[in-house]
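Worksheet: the structure to be examined is printed underneath.
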Amino acid sequence: MSQDMKSLKSEDHPLLDESKPFKKLLIDWFSENAKDYPWRTTSDPYEILVSEIMLQQTQVATVLDRGFYRRWLEAFPDFKKLADAEEVEVLRQWEGLGYYSRARNLHKLAKVVVYDMGNQFPKDPKAIETLPGVGRYTAGAVASFAFDLPVPAVDANIARVIARLFNFQERIDSSSGQKQIWAWAADLVPSSGGRIWNSALMELGQTLCGPRKTLCDECPIAASCQCVDPLDLPIKKLKPKATSVDEHVILNVINGNILLQKETGSRRKGMWKLPLRDENEMVKDNLIAVHKYGITRYKVSMHIYKFEDQNIHENEKWFSLDEIDLLPIPSPYRRALRLLENHFNQ
DNA sequence: ATCCAGGAAG
DNA sequence: CTTCCTGGAT
């Protein structure tokens, strides 16, 4: 039997043998230091699910300080209100958070819960995971936070904490690495109190056991931690370097109306942006600005040209300035529009 | 200016 | 294994 197979067995690991004092230390620390996030003071699966989807790939500060969570719950207080909302309004509420398929999937999910499940949100993590936009992590998070089930929910914080605790010297983003981390996470969850346990591990990763800063002196479970160089863990594949690309868009304003183009691809579908054009259609003298922004593995230089033309392409539409405020527009284009407002009246 | 962190789906 | 986005740290 290989070393890998052995470490998957919980009884073999010393950390798990003498797990009791270490678990209590972490839980006691958490009870003293827990932040009172709004999703921690509710057990409503809808409110918890919304927070988890928003927090996918997104910092707590963004979701809370910029009011996304509060505004969303005001606009869509429950599954039914969300299910019956217009997609354009759903995307508008999500604007600025990025990864807009999260919003479309959450919208879809609400329709499924309301109209296919009789407005009964499932409790079984496996059933939760079948919902659109919900993967293993989010399913575990909702099952443990809303229903207090003893299931693992490994987000990046918990993966980091576990990798360090067990001094895991393999990549955590390979399928075997994921398997090992999730197996340890499952071994660690106490049979009652899944909600507190997962919250505590997560909080530790957010506060004392960060990706680029560790406060091991203050860590309640430092004595049990197997890791030698915390900042070297977890090990992940390096990201490929960003490649530069140019895009050429037009500011086409006629009679105070501006032309915008709707995204039709499967991912940013439904978002509006400045119309794309071929570079060779553009006249250099009409270039009014170049904005740079990053998107996935690209560094984009957005070249904006003044371009008056009544002829429009497919999926393009004229909007008044007031209407623009109500449209879902990705952040780089929203920024560009704000900066270009003074060009609108010429 | 550049780098980095952060889940799900295709 | 790649694609989707953004804000904050460096």
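Just so it is clear: chains get the letters A, B, ... in the order the sequence lines come, proteins before strands, and each one is counted from 1.
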*Start at the 5' end of DNA chain C and walk down; is the nucleotide closest to A/Arg297 or to A/Ile329 reached first?*
A/Arg297
*Per-nucleotide protein contact string for nucleotides 4-10 of chain B, where B marks a base within reach and S marks sugar-phosphate only (heavy atoms under 4.0 Å, - for neither)*: SBBBSBS
_Contact summary for A/Cys227 and A/Arg164, nearest pair of heavy atoms_ = CB-O, 2.9 Å
*Could you list all the side chain to side chain donor-acceptor pair (under 3.5 Å) pairs where at least one residue sits in residues 325-340 of chain A, not counting sequence neighbours?*
A/Glu95-A/Arg334, A/Glu247-A/Tyr333, A/Lys273-A/Tyr333, A/Tyr293-A/Tyr333
*Is A/Thr296 touching bases, backbone alone, or none of the nucleic acid, heavy atoms closer than 4.0 Å?*
base
*Shoot me the first and last contacting nucleotide of DNA chain C against chain A, ordered 5' to 3', at under 4.0 angstrom to non-hydrogen atoms.*
C/dT2 to C/dT10
*Have a look at A/Arg335 and say if it touches a base, only the backbone sugar-phosphate, or nothing, with a 4.0 Å heavy-atom cut-off.*
sugar-phosphate
*How do A/Ala61 and A/Ser174 order along DNA chain C: which one's closest nucleotide is nearer the 5' end?*
A/Ser174
_Does a side-chain N or O of A/Lys292 approach OP1 or OP2 of B/dA1 to a distance below 4.0 Å, or not?_
no
*What residues form a side chain to side chain contact (heavy atoms under 4.5 Å, CB included) with A/Gln206, not counting sequence neighbours?*
A/Tyr37, A/Val60, A/Asn157, A/Glu203
_Residues forming a side chain to side chain contact (heavy atoms under 4.5 Å, CB included) with A/Asp285, sequence neighbours excluded_ = A/Val283
*ring-ring contact (aromatic ring centres under 6.0 Å, His included) partners for A/His303, two or more places apart*: A/His248
_Enumerate the salt bridge (Lys or Arg N to Asp or Glu O under 4.0 Å) contacts for residues 208-233 of chain A, please, sequence neighbours excluded, ordered by first and then second residue._
none
*asked:* Below 4.0 angstrom, which residues in residues 140-148 of chain A have at least one non-hydrogen atom near DNA chain B?
replied: none
*Counting any heavy atom closer than 4.0 Å, what does A/Tyr100 reach on the DNA or RNA strands: base, sugar-phosphate only, or nothing?*
sugar-phosphate
*Which residues satisfy the side chain to side chain contact (heavy atoms under 4.5 Å, CB included) test with A/Thr42, sequence neighbours excluded?*
A/Asp44, A/Glu47, A/Ile48
*asked:* Taking the ring of A/Phe76 and the ring of A/Trp72, is the distance between their centroids below 6.0 Å?
replied: yes
*Could you pull out all residues at least two apart from A/Ser51 that satisfy side chain to side chain donor-acceptor pair (under 3.5 Å)?*
none
*asked:* Taking salt bridge (Lys or Arg N to Asp or Glu O under 4.0 Å) as the cut-off, I'd like each qualifying pair that reaches into residues 314-324 of chain A, sequence neighbours left out, listed once.
replied: A/Arg277-A/Glu316
_For A/Ser43, all residues meeting side chain to side chain contact (heavy atoms under 4.5 Å, CB included), sequence neighbours excluded_ = A/Arg195
*Have a look at A/Gly294 and say if it touches a base, only the backbone sugar-phosphate, or nothing, with a 4.0 Å heavy-atom cut-off.*
base
